[in-house]
Engineer: 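Handing you this structure, nothing more for now.
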Amino acid sequence: MASIWEYANPRKFMATSAFVLPWIAGLAGVCLVVGLVWGFFFTPDDFRQGSTVKIIYIHVPSAIMAVNAWLMMLVASLIWVIRRHHVSALAAKAAAPVGMVFTLIALATGAIWGQPMWGTWWEWDPRLTSFLILFLFYLGYMALWEAIENPDSAADLTSVLCLVGSVFAVISRYALLFWNQGLHQGATLSLDREQNISNVFWYPLVISLAGFGFLFLALVLYRTQTEIRARRLKALIAQERMG
Amino acid sequence: MIALLSRDLALAIRAGGGFGLSLAFFLIFTTMVPFGVGPETGVLAVIAPGILWLGALLACLLSLDRIFQLDWEDGTLDLIATSPVPLEGLAAIKALAHWITTGLPLVLAAPVLGVLLNLPASGHGWLMASLALGTPALSAIGTFGAALTVGIKRGGLLLSLLVLPLYMPTLIFAALCVTRGAAGQEALTPLLLVGGITLGCLAVLPFAAAAALRVNLR
Amino acid sequence: MTLRVVDLACARGPAQILAGVTFAVAPGQALILRGPNGAGKTTLLRTLAGLTPPLAGRIEADPDAIAYAAHADGLKAQLSVRENLVFWAGVFGTRDITAAVAAFHLGPLLDRRAGEMSAGQKRRLSLARLLVTGRPIWCLDEPTVSLDAENVARFASAVTAHLGRGGAAIIATHIDLGLPTAQTLDITPFVAKRIRADDPFAEAVA
Amino acid sequence: MPDLGQYAVYVLASYAVSLGLLAVIILASIFQARRIRARLEEVESRKDRAA
């Protein structure tokens with residue numbers, strides 16, 4: 001498989017992603033439909049939480065993807081800083097809005113799910129609040145991209161912000177645990193525990209997680225193509241201005 | 001480097017209103033709180049630690065965009081970049097100058113304002129300790145944010161959006177420390193954590209700020 | 001101690017401005033950069049000073065040899081002449097400012113605030129700042145802007161004195177300074193005017 | 001349609017909000033892509049005509 005360093009060349013990335021994108025989008029669609037439909041229609045209610053357990057098929061995957069999106073942006077920023085890999089910087093920029101939307105989904109579903117369980121629309125629970133902070137990090141990151149004119153400088157500065165932001169996001173996560181004991185359920189999908197939740201819920205959950213994962217990948221590839229075209233447009237206009 | 005510090009302090013006193021500006025804001029902010037929350041001393045005493053820390057934090061935030069902006073506009077930043085003084089040193093000195101002109105006065109003024117908000121007596125010691133340990137982190141993070149946005153016209157709002165999320169760990173631990181101190185509980189652990197974050201910031205952030213400055217000076 | 005520049009390529013933002021710039025400036029020599037506005041004189045000087053990393057080529061000079069001075073002369077209006085000079089002496093590690101003060105007759109102005117000085121006096125102060133850096137090679141970007149004839153002459157004599165002491169100068173300017181040993185370099189042939197070579201978005205991406 | 005019991009409104013609300021937000025990001029990406037692609041083709045054709 002071609003190493004990712006070849007994809008520094010935008011033309012090669014565009015060709016390959018154009019070929020791969022329909023498949024990934026299709027996979028995302030299938031997994032999402034199967035996972036959500038299975039979870040929504042064919043799983044029993046939880047004895048304690050009743051039908052609200054069905055929200056798990058969106059809340060958990062979106063929360064996991066929200067964090068993974070930031071990690072992907074962190075890795076892409078590192079690749080940009082170390083190897084001046086233009087496409088990875090644009091991939092980081094493309095992934096930010098998608099990650100932000102996943103964070104919003106996790107927050108919204110968490111709040112709605114919390115209402116019947118905890119009695120209030122918004123509960124200052126450490127895990128839910130750390131997603132609120134993650135949302136602010138996404139806003140800052142995207143705002144910095146928009147604020148800077150020269151694309152290469154923007155890529156450098158946002159990469160530094162992403163690196164520093166990641167450290168503070170982790171610190172905030174543990175600061176919140178210290179700050180308020182929280183009502184959130186334990187880890188639903190931790191790999192070390194032998195049996196997290198009963199299998200009947202587990203399979204649709206993993207499928208919809210795969211669906212969210214593929215959706216994220218498809219959206220990032222698609223948006224990176226757009227970012228590359230936008231950069232090409234900027235280069236052409238700069239060339240025209242030079243006469 | 002000492003020349004940089006003494007000049008910045010001289011400039012702060014002579015031109016920028018220096019010590020007074022952030023103190024004035026802190027005072028105004030603190031006096032406005034009862035207008036919003038109501039004068040019951042019982043309520044004020046409970047929220048005093050958090051409010052005092054928020055006031056100090058916002059006072060630091062306000063004076064951040066002036067850290068590099070003036071030197072950027074009159075070419076001093078370009079000249080210092082070509083001088084033997086490393087940009088990392090410049091960032092550290094700027095953070096120190098910001099702390100001396102903004103952070104330090106807040107630490108000294110805090111007990112007075114604590115009385116205004118009816119902070120319990122046992123809380124004053126913890127308030128000053130947490131401010132003394134926490135405000136250097138606010139200056140270091142703020143200098144990093146200022147370096148990121150120095151090239152951006154009217155970057156002040158963006159600077160706040162970038163810097164405030166980075167202030168959260170310090171705010172959480174410090175406010176917790178003062179709250180527990182005021183309630184007479186054991187408050188040493190959060191204070192040490194505030195100190196830990198500050199040491200981390202002072203060690204790493206000048207390098208990140210210098211990297212951002214180099215990009216902006218390109 | 002000669003400054004030698006070999007096949008230098010400079011960029012400003014996304015665009016490559018200059019390519020293949022080659023010249024040498026021996027001690028005691030001055031080089032006048034000519035070329036239309038926006039051709040890249042400032043970019044070249046900033047690259048020489050090390051502010052902008054070059055795209056290609058080499059700059060051979062002793063370390064810490066180049067002092068840069070642009071339109072914005074880095075003087076604080078609220079500080080006095082003495083404080084400004086003492087500050088820059090501190091930054092550049094030279095302790096004594098008396099030589100610079102004497103060279104530009106700033107003695108009587110020492111305690112006056114930089115903000116309360118005329119353009120000519122400010123220019124003399126910024127030149128004194130250059131002297132305080134103690135660096136042999138001066139890179140000056142349009143140093144005589146907003147100066148009347150008499151101050152331009154005084155500036156030219158100051159540069160000549162600097163050359164006399166074995167220094168060198170690269171000056172981007174439109175007016176004739178009448179410097180005895182000055183060469184002229186027109187940078188128009190080096191103008192590149194294309195997207196940076198390392199920018200992969202220069203050609204079609206389909 | 002499964003019997004969602006008393007929590008029906010919460011389950012349906014969270015699904016609706018989530019699918020809505022997903023639709024927003026997908027449509028926004030598509031419209032942005034179309035707009036950039038159109039401007040790029042216009043500028044590229046302008047370049048070819050000039051060359």
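First the proteins, then the strands, lettered A, B, ... as listed; each starts at 1.
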Engineer: For B/Leu166, is it the side chain, the backbone, both or neither that has a heavy atom under 4.5 Å from a heavy atom of chain A?
Structural biologist: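 For B/Leu166, the contact with chain A is made by backbone and side chain together.
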Engineer: Could you go through the salt bridge (Lys or Arg N to Asp or Glu O under 4.0 Å) check for B/Arg218 and A/Asp152 one step at a time?
Structural biologist: CA-CA 11 Å; B/Arg218 262 207 308 253; A/Asp152 279 356; over 6 Å; no
Engineer: For chain A, which candidate among B/Leu158, B/Ile141, B/Ile197 shows the most heavy-atom pairs at distances under 4.5 Å?
Structural biologist: B/Leu158
Engineer: Which pairs with one or both residues in residues 208-219 of chain A pass side chain to side chain donor-acceptor pair (under 3.5 Å), sequence neighbours excluded?
Structural biologist: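 Listed once each, the pairs would be none.
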Engineer: Any side-chain heavy atom of A/Phe168 sitting closer than 4.5 Å to one from B/Pro165?
Structural biologist: no
Engineer: Does any backbone or side-chain atom of B/Arg180 lie under 4.5 Å from a heavy atom of chain A? Answer side chain, backbone, both or neither.
Structural biologist: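 Contact with chain A is through the side chain of B/Arg180 alone.
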Engineer: What part of B/Leu148 gets closer than 4.5 Å to chain A, counting heavy atoms only: side chain, backbone, both or neither?
Structural biologist: both
Engineer: Take a 6.0 Å sphere around CG of B/Leu157 and say whether it holds more than 12 heavy atoms from other residues, nucleotides or ligands.
Structural biologist: no
Engineer: At a heavy-atom separation under 4.5 Å, does B/Leu164 approach chain A through its side chain, its backbone, both, or neither?
Structural biologist: neither
Engineer: More than 12 heavy atoms of other residues, nucleotides or ligands under 6.0 Å from CD of A/Glu149: is that the case?
Structural biologist: no
Engineer: Rounded to the nearest 0.5 Å, how far does OG of A/Ser172 lie from CZ of B/Phe173?
Structural biologist: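 B/Phe173 CZ to A/Ser172 OG: 9.0 Å, rounded to 0.5 Å.
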Engineer: In terms of heavy-atom pairs under 4.5 Å, which option from A/Leu136, A/Leu161, A/Thr158 contacts chain B the most?
Structural biologist: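 Counting heavy-atom pairs under 4.5 Å, the top option is A/Leu161.
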Engineer: Is the shortest side-chain heavy-atom distance between A/Phe178 and B/Ile172 below 4.5 Å?
Structural biologist: no
Engineer: With only heavy atoms counted, which part of A/Leu157 is less than 4.5 Å from chain B, the side chain, the backbone, both or neither?
Structural biologist: both
Engineer: Heavy-atom pairs under 4.5 Å with chain A are the metric here; pick the option from B/Val215, B/Leu161, B/Leu162, B/Leu193 that has the most.
Structural biologist: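 Of the options given, most contacts go to B/Val215.
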Engineer: Roughly how far, to the nearest 0.5 Å, is CE of B/Met168 from CH2 of A/Trp179?
Structural biologist: 10.5 Å
Engineer: Might you work through the side-chain contact (heavy atoms from CB on, under 4.5 Å) test for B/Phe144 and A/Val164, ending with a clear yes or no?
Structural biologist: CA-CA 10 Å; B/Phe144 167 65; A/Val164 171; 3.6 Å; yes
Engineer: State which residues pass side-chain hydrogen bond (donor to acceptor under 3.5 Å, both in side chains) with B/Asp74; sequence neighbours excluded, sorted by chain then number.
Structural biologist: B/Thr76, C/Lys76
Engineer: More than 12 non-hydrogen atoms from neighbouring residues, nucleotides or ligands closer than 6.0 Å to CZ on B/Phe29, yes or no?
Structural biologist: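 Atom CZ in B/Phe29 is packed in, count exceeds 12.
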